[in-house]
Every structure is written in structure tokens, then in C-alpha cells.
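See structure below.
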Amino acid sequence: MIILGIESSCDETAAAVIEAKNGKFSIVANTVLSQINTHKKYGGVVPEVAARKHVKNIIPVIDQTLTKAKLSPKQINRLAVTTGPGLITSLMVGIETAKTLAYVWQKPIVGVNHLKAHLYANMIHNKKIFWPAISLIVSGGHTEIILMKNTTSFKKIGQTLDDAAGEAFDKVAQLLNIGYPGGPIISLLAKEGDPQKFNFPRPMIKSSNFNFSFSGLKTAVLYTVKKIKKVDQKTKADLSASFQQAVVDVLIDKTLRAARQYQAKTIMLSGGVAANNLLRKNLQKKAEELKIDFLTPDVYLCTDNAAMIGIAGYFSKPVPYQKLRVDPNLSV
Ligand code: KG4
Ligand code: ZN
């Protein structure tokens, strides 16, 4: 089955063609047009601006993707589009475009949950997955631990009570005045820093549930910065490394605890923050020590993309295009 995936939930206009054959997936073409350069001067995504950019770019991005795939619309078997969660007007651009194409091309269409799609990006490895699995989804808007018994059973067992992990990276980068989005910049700067220089709190690490809280950690960084007379580049690197270590410690501790409690045979890591090298390496190492399989997509499939939407689209049932609705608060 050839699936055209379309993604526009935040600040990436993306399209991809994926092929599903005997339950195995391959990416035929993948296009991600990022709006980061537009939004970075505001220190975050401006929804109205994002939606306008999606309107301008979505057809060229889809067209380019089909050209790269050397496919005509006739050869597409299914359309898959993100219906939520995300920014309402941005989501609407993707959905209305996909619905129009489904109508004109006379193709089946499925709506995709963006969070589940992050998780489904792990299927690109085409590895046998041993169940149950514990899946950590860490993005700019969400931090969730999901228990899965098979490819379509999801139970949320933990989530952030305030800021998402990616949001914390973005806000700390903003207060250090080092740019947007914060995750990649902080992780780069952290390489030059000492993770033990500042002893930041590990919020909720001792709580018996699987929930997270990152806003206090962000405030702790803020208070520390205020106390320092001159925040030079070395200090920024130390703050970045110490902050990153605190986030990673909490994420790993809770994920491993969930894996032990539910006797998971696989741990999956996905979402934009899964691009973080320290998190990837450390969680993999710990999972291996516990003899639990570990899966995480390649970095380019961790941040927002449409290949994951195409893969997720394989697991959902087509609906009449008229029934497809945007749901900005959709949960797993
Ligand atoms: O999944 P994603 O692309 O978009 C959402 O669905 O939110 O995630 C974006 C988030 C941003 O907050 C960004 O700072 C974070 O992922 N991120 C990272 C890294 N790369 C991106 N966080 C930590 N380390 C990274 N290397
Ligand atoms: Zn995302």
C-alpha cells in the first residue's frame, strides 16, 4: 500500500510517501519545510503566521514529494493527515488540503493522531516488537508514558502536569538568550559544559506515579541565572549541561520504573526531544542493562515529519472525507 502522509500541526509543513508491504515500511519520499527561521525572532511559534505559511507551502510540498517519489496521484492508495493535537488553524490547512485531494483523486483518507504518529515512527525499523512496550513520547507540547500491549492498544500511564520537556528546553534557551528552538541549541552547548556544575532539582523523581513536572526546574534555572553576575559563554554551557542532565535523569528514571512495573519487553522513545543525544544514549544503555529491547527512530524522524503520519495512517481505518474533523486537544 502506498500512503501519502500530510502534516501541518505546528511549524513544519510536511509530506511523505511511504510504502507498506507485508507489514514492513519504507520511506519513498519525505519533505519537511520548517518555518523555524520565521518564528525564531518571536521566540516561539506564532499560530496565525504558521497557518498562513502552511497555506502558501502545502501544495508545493506535496507536489515536490510526489515528484521525488516518481509517483502520480493515481498510484497513491491512501491519504493520511494529522487531525490533532496541535494548532487549530495550522491543522485545518492540512486537513482541508487532504480532504480536497481525497475528493478530487477519489482516494480513501484517514485521520491521524500526531502523538501516536510520533510513536509509530519506531515501526520504520521493521523489527519484531515484543509486547508489552513502554513508550516515552517527548515533544514540544507533550511528555507522556504510554503502555502498549500491541500496535493499536494505548494506555496513558503518565504525563506532564505542567510544561512539556521540549517546552522546558525552549524556555530555558529563551532565558539564556541563546535562540529557538531550545533543544538542539542547549544540547550542542551542553557538550562544552559541566553537568554537575549546578545541582538542579529532579522534579517528581521520587513520586510513585509516572507523571512529570518541568516548570519548577525552569524556575530553578531562572533563579540561578539571576544570582550570577555575568553569564558568560562557559556559564551558559554549564547551565545547559546541568539543566539537560536533570531533564534526562527524570525522563529515564520514570520510563525505567514504568518498564519494570509493567514488565515491558520493549522501550520506545520518540518525539522531538528524542533527538537529544544524551537521552537516546543513556536510555538505550539502561534498557540494554535490563535486557529490554530499545527502539528510537533516526533523529530526522523524531522531530515533526509526515513519514510518521503515513506509517500511522496504515494502522487506522479510512473514513468518509466529510467526517474528518480537526481536534486540537486530541490525546493518545
Ligand atoms: O516533536 P516536535 O518536533 O514538535 C512537537 O510535536 O512539539 O518537538 C519539538 C521539540 C522542541 O521543543 C525542541 O526544542 C525539542 O523538540 N528538541 C530537542 C532536541 N531537538 C528538538 N530537545 C532536546 N534536545 C534536542 N536535540
Ligand atoms: Zn510532534
Side-chain angles (χ1 to χ4, degrees), residues 5-14 16 30 32-36 39-40 43-45 47 50 81-87 90-91 94 112-122 135-144 159-160 163-176 178-191 193 195 212 214-215 217-218 240-241 243-252 269-283 296-309 311-312 328-332:
I6 297 172
E7 155 66 32
S8 69
S9 66
C10 192
D11 60 344
E12 265 92 24
T13 318
N30 184 39
V32 180
L33 185 68
S34 171
Q35 303 177 2
I36 281 175
H39 298 287
K40 70 179 175 195
V45 180
V81 63
T82 308
T83 54
L87 303 170
S90 289
L91 287 163
V112 166
N113 178 319
H114 180 91
L115 289 176
K116 288 185 186 170
H118 270 303
L119 187 161
Y120 278 126
N122 282 299
S135 190
L136 174 67
I137 309 174
V138 266
S139 71
H142 295 82
T143 303
E144 301 191 351
Q159 63 186 331
T160 181
D163 291 353
E167 194 179 353
F169 271 95
D170 296 338
K171 287 180 174 169
V172 166
Q174 197 172 21
L175 70 90
L176 293 179
I178 51 177
Y180 174 86
I185 302 169
I186 287 185
S187 61
L188 202 67
L189 205 54
K191 283 188 187 161
F212 301 95
F214 293 109
S215 76
L217 173 57
K218 169 199 68 194
S240 295
F243 161 76
Q244 175 179 256
Q245 191 67 56
V247 175
V248 167
D249 283 353
V250 179
L251 291 174
I252 291 183
L269 169 68
S270 62
V273 182
N276 186 278
N277 208 35
L278 187 73
L279 176 60
R280 296 169 76 84
K281 290 274 144 54
N282 287 8
L283 187 54
T296 191
D298 286 346
V299 167
Y300 80 102
L301 293 175
C302 286
T303 45
D304 286 351
N305 65 86
M308 67 183 195
I309 306 301
I311 296 171
N329 301 315
L330 194 63
S331 69
V332 164

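We count ligands from 1, going down the list as the structure has it; atoms in each ligand are counted the same way.
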For atom 24 (N) of ligand 1, what's the nearest protein heavy-atom neighbour? Residue, atom name and distance, please. Asn276 ND2, 3.1 Å
Starting from atom 14 (O) of ligand 1, find the nearest protein heavy-atom neighbour and note its residue, name and distance. Asp170 OD1, 2.7 Å
So is His118 touching ligand 1 or not, going by heavy atoms under 4.0 Å? yes
Any His114 heavy atom less than 4.0 Å from ligand 1: yes
About how large, to 10 degrees, is the angle NE2 of His114, then the Zn ion (ligand 2), then NE2 of His118? 100°
Are [X] and [Y] close enough that some pair of their side-chain heavy atoms sits under 4.5 Å apart?
X	Y	value
Asn276	Val248	yes
Leu279	Val138	yes
Ser8	Thr82	no
Arg280	Leu269	yes
Asn329	Pro85	no
Cys302	Thr296	yes
Asn113	Thr83	no
Asn305	Tyr300	no

Tell me whether Glu12 has any N or O atom under 3.5 angstrom from an N or O of ligand 1. no
Are any of the N/O atoms on Pro181, whether in the backbone or the side chain, positioned under 3.5 angstrom from an N/O atom of ligand 1? no
Closer than 4.0 Å to some heavy atom of [X] - which atoms of ligand 1 meet that?
X	answer
Gly141	7 (O)
Gly166	12 (O)
Ala275	20 (N), 26 (N)
Thr303	3 (O)

Should the pair His118 and His114 be assigned to parallel (<30°), tilted (30 to 60°) or perpendicular (>60°) ring geometry? perpendicular
Which atom name would you report as the N, O or S atom of Asp304 nearest the Zn ion (ligand 2)? OD1
Check each of Ala164, Gly272, Cys302 against atom 20 (N) of ligand 1 and report the one with the nearest heavy atom. Gly272
Heavy-atom distance to atom 10 (C) of ligand 1: which of Gly140, Gly183, Ala274 wins? Gly140
Mind checking whether [X] contacts ligand 1 via backbone (N, CA, C, O), side chain (CB onward), both or neither, at a 4.0 Å heavy-atom cut-off?
X	answer
Ser187	side chain
Gln244	neither
Asp304	both

Under 3.5 Å side-chain donor-acceptor pair for Asp249 and Gln245: yes
Taking all non-hydrogen atoms of both residues, which atom of Ser240 and which atom of Leu176 are closest, and how far apart? OG-CD1, 3.9 Å
